[in-house]
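The model shown is predicted, which means the values in this text are computed figures rather than measured ones. The chains referred to below are lettered A, B, ... by the order of the sequence lines, with proteins before strands, and numbering in each begins at 1.
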Amino acid sequence: MLIFNTLTKKKEEFIPLNPPKVTIYVCGPTIYDFFHIGNARTFVSADIIRRYLEYKNYDVMFVMNLTDVDDKLIKKSNEENLPVEKIAQKYAEAFFEDIAKLGIKKANVYPKATEHMTEIIDLINTLVDKGFAYNVDGNVFYDVKKFKGYGKLSGKNVEDLESGARVEINEDKQNPLDFSLWKKAKLGEPFWESPWGNGRPGWHIECSAMSMKHLGQTIDIHIGGSDLVFPHHENEIAQSEAACNTEFVKYWIHCGFLNINQEKMSKSLGNFFTAREILKRFNPNAIRLFFSQTHFSGPLSFSDELLEGAEKGLEKIYNLVQRIESIAPSNDSGLITFEQERYLFAFESAMDDNFNTSQALAAIYDFTRDFNKYLSKNEKVPVEVLDSAKKFLKSTLTDVLGIQVFKEAENRNSKEDELIKLFIDLRTKAKLEKNYKLADEIRDNLKNIGVILEDSKEGTTYKISSK
RNA sequence: GGCGACGUGGCCAAGUGGCUAAGGCGAAGGUCUGCAAAACCUUUAUUCAUCGGUUCGAAUCCGAUCGUCGCCUCCA
């Protein structure tokens, strides 16, 4: 299995530190607002990576942090006149609701910065003791020049960055690139006691501390958006490796942005939709399919039209699932079978190559087309064929890509089912009497309430519109 | 200014040295149907931004040009 590693800029064979265990850390949200659909893309991508590793029988330990104290939270707290904890609590709840709707599997741990102050302070202490950090009047900074490997992830060097001159000017810093490990509390800000006085941690240090605490000094995979490569992840490496003298992360995985009109969707540009809004308008399975159509590392443009296209694709798969479920399996011998191994092979080969979901989907669509064809040609279908088809769709779409396809049918209410069948019978009678006007009226009216009738040789079936 | 990514059919998007350039959406025609829908079939890129080069052979490697975007400041 190959994974593209941002650190080496190459696809590398994936060899976990302690197989079958795999440790994954994902940079989660700062819980000061609802997350947007671009954030959702990264969360879903990380979820698919995790699901595929589990599919491959790895024992995955998955950690996603929640940043619950920082400048943005403090700002929001002032705006809404609520304590920082309340803001954090509110948006943490919203976060869990939204990721559940998106079908994202729960992490093993969701560590929060405020619950790891001891670990954070210990880590800063180590860095100060080792001479990698310095204290200026209660503000502790990391001394970038002390860490030889600084820039190895982002491909930047300290000199280039200095000449860039876009770095914030702070007279306390020895070097403009040095970053905060501990921020001295200003009046009215939340604070924790520390050897350097009251204050709070800088943004980068929490990830180092929490990753170490929950997953160990060296982890297998660290996932985040491309905009975190520099400075966030670069700084995490500097902190962790300086403190531990061991490699921090074996494989760095970065996700591409969601673009609107060819521009990055971001809070600061204001061109974003919250995942919440989008979930109100689109089926979460269609959203996940939409994400999977493009490789996670590249940019993905976002629009209603594109999402509607994904909905149509999903519909095609739903139709096949429904068709499979409506068929009575046969136990006759000598029936024609369907060879489905090659589709699974194609799917796995694609996923093995750096989680190439768009190629993996092609295998699923090929299966969909060919299996539809098989069903049309064969009146009787053996039990094993139906079972293996279901198994294929479930393990590829649902288990790995997180797209639910079998749920709809299970949720069908039996009263509703009887009622609809009553209408179908009435319409069938009308059709026999060649009363097509009435037949069409029944069909049209049912369609208007989201029940779609389909005639075939075997009779009329119905499906509930996915919208 | 420094660093980096990308440019494939009407749209989205795989493929990154060698079988007929995946797949989805859309469009057109057809099979089936009372008509639809669904499903299936056919058509829709002699060509991969442009121009050069390397090679027996390039969308894929190299160079130049044009265009788009990102990071260097909080950001997934």
With B for base contact, S for sugar-phosphate-only contact and - for none (protein heavy atoms under 4.0 Å), nucleotides 20-25 of chain B reads --BSSS

Which listed nucleotide ([options]) is nearest to the side chain of [X]?
X: A/Arg443; options: B/A14, B/C71, B/A36; answer: B/A36
X: A/Ser268; options: B/A13, B/C75, B/A36; answer: B/C75
X: A/Asp227; options: B/G34, B/A76, B/C72; answer: B/A76
X: A/Asp440; options: B/A76, B/G34, B/C74; answer: B/G34
X: A/Trp203; options: B/C3, B/C74, B/A76; answer: B/C74

A/Lys431/A/Asp455 ion pair, N-O < 4.0 Å: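 Yes.
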
How would you label the contact of [X] with the nucleic acid (heavy atoms, under 4.0 Å): base, sugar-phosphate, or nothing?
X: A/Gly256; value: base
X: A/Asn356; value: sugar-phosphate
X: A/Gly38; value: base
X: A/Leu258; value: base
X: A/Phe43; value: nothing
X: A/His295; value: sugar-phosphate
X: A/Leu453; value: base

message = If you go through the side-chain atoms of A/Lys156, does one of them form a donor-acceptor pair with the base of B/C71 closer than 3.5 Å?
response =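 A donor-acceptor contact between them is present.
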
Between [N] and [X], is there an OP1 or OP2 to side-chain N/O distance shorter than 4.0 Å?
X: A/Asn372; N: B/C40; result: yes
X: A/Lys373; N: B/C41; result: yes
X: A/Asn319; N: B/A39; result: yes
X: A/Asn157; N: B/C3; result: no

Suppose the criterion is salt bridge (Lys or Arg N to Asp or Glu O under 4.0 Å): which pairs have a residue in residues 290-306 of chain A, not counting sequence neighbours?
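Counting only pairs at least two positions apart or across chains, the salt bridge (Lys or Arg N to Asp or Glu O under 4.0 Å) contacts touching residues 290-306 of chain A are A/Arg281-A/Asp304.
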
- Candidates A/Asp227, A/Thr6, A/Asn5 - the one meeting side-chain hydrogen bond (donor to acceptor under 3.5 Å, both in side chains) with A/His254: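 The residue from A/Asp227, A/Thr6, A/Asn5 that satisfies side-chain hydrogen bond (donor to acceptor under 3.5 Å, both in side chains) with A/His254 turns out to be A/Thr6.
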
### Residue whose nearest RNA chain B nucleotide is more 5′ - A/Cys255 or A/Pro299
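Mapping each residue to its closest nucleotide by heavy atoms, the 5'-most match is A/Pro299.
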
Original post:
Taking for each residue the nucleotide of RNA chain B bearing the nearest heavy atom, is the 5' side occupied by A/Gln262 or by A/Asp353?
Top reply: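 Result: A/Asp353.
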
inquiry  = A quick test of your reading: do over 12 heavy atoms of other residues, nucleotides or ligands sit less than 6.0 Å from CG of A/Asn448?
reply    =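 Yes, because the 6.0 Å sphere around CG of A/Asn448 holds more than 12 heavy atoms from other groups.
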
Is it true that atom OH of A/Tyr55 has more than 12 heavy atoms of other residues, nucleotides or ligands lying nearer than 6.0 Å?
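Counting other residues, nucleotides and ligands, OH of A/Tyr55 exceeds 12 neighbours.
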
Got a minute to check which stems RNA chain B is part of, using Watson-Crick or G-U wobble pairs under 3.5 Å, three or more consecutive?
->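 Listed by first number, the stems are B:1-7 with B:66-72, B:10-12 with B:23-25, B:26-31 with B:39-44, B:49-53 with B:61-65.
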
query: Within 45 degrees of the axis of the six-membered ring of A/Phe62 and under 6.0 Å from its centre: does A/Lys105 put its NZ or CZ there?
result: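 Output no; distance or angle outside limits.
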
| message | Can you measure A/Ile327 atom CD1 to B/A39 atom C1' for me and round it to whole angstrom units? | response |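 Distance, rounded to whole Å: 12 Å.
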
What integer distance in Å separates A/Leu300:CG from B/C6:P?
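Taking atom P of B/C6 as the reference, CG of A/Leu300 is at 16 Å.
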
Answer yes or no: is there a side-chain heavy-atom contact under 4.5 Å between A/Leu426 and A/Ile424?
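No; the side chains remain at least 4.5 Å from each other.
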
| query | Going by heavy atoms in the side chains, are A/Val144 and A/Phe179 under 4.5 Å from each other? | reply |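 Sidechains of A/Phe179 and A/Val144: in contact.
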
With A/Tyr251, the ring pair (Phe, Tyr, Trp, His ring centres under 6.0 Å) member among A/Phe355, A/Phe14, A/Tyr25:
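Among the candidates, only A/Phe14 passes.
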
- prompt: Checking A/Asp68 side chain against A/Lys112 main chain: does a donor-acceptor pair fall under 3.5 Å?
  reply: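 Here the side-chain-to-backbone pair does not exist.
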
Is the side chain of A/Arg41 donor-acceptor paired with the backbone N or O of A/Phe257 at a distance under 3.5 Å, no angle test?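 Side chain of A/Arg41 to backbone of A/Phe257, a donor-acceptor pair under 3.5 Å: yes, one is there.
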
Span that lies between the C1' atom of B/U20 and that of B/C75, in whole angstrom: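 Per the computed distance, 46 Å lies between those C1' atoms.
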
task: Sticking with atom P, work out how far B/U44 lies from B/G9, rounded to a whole angstrom.
output: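 Each nucleotide's P atom is 15 Å from the other's.
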
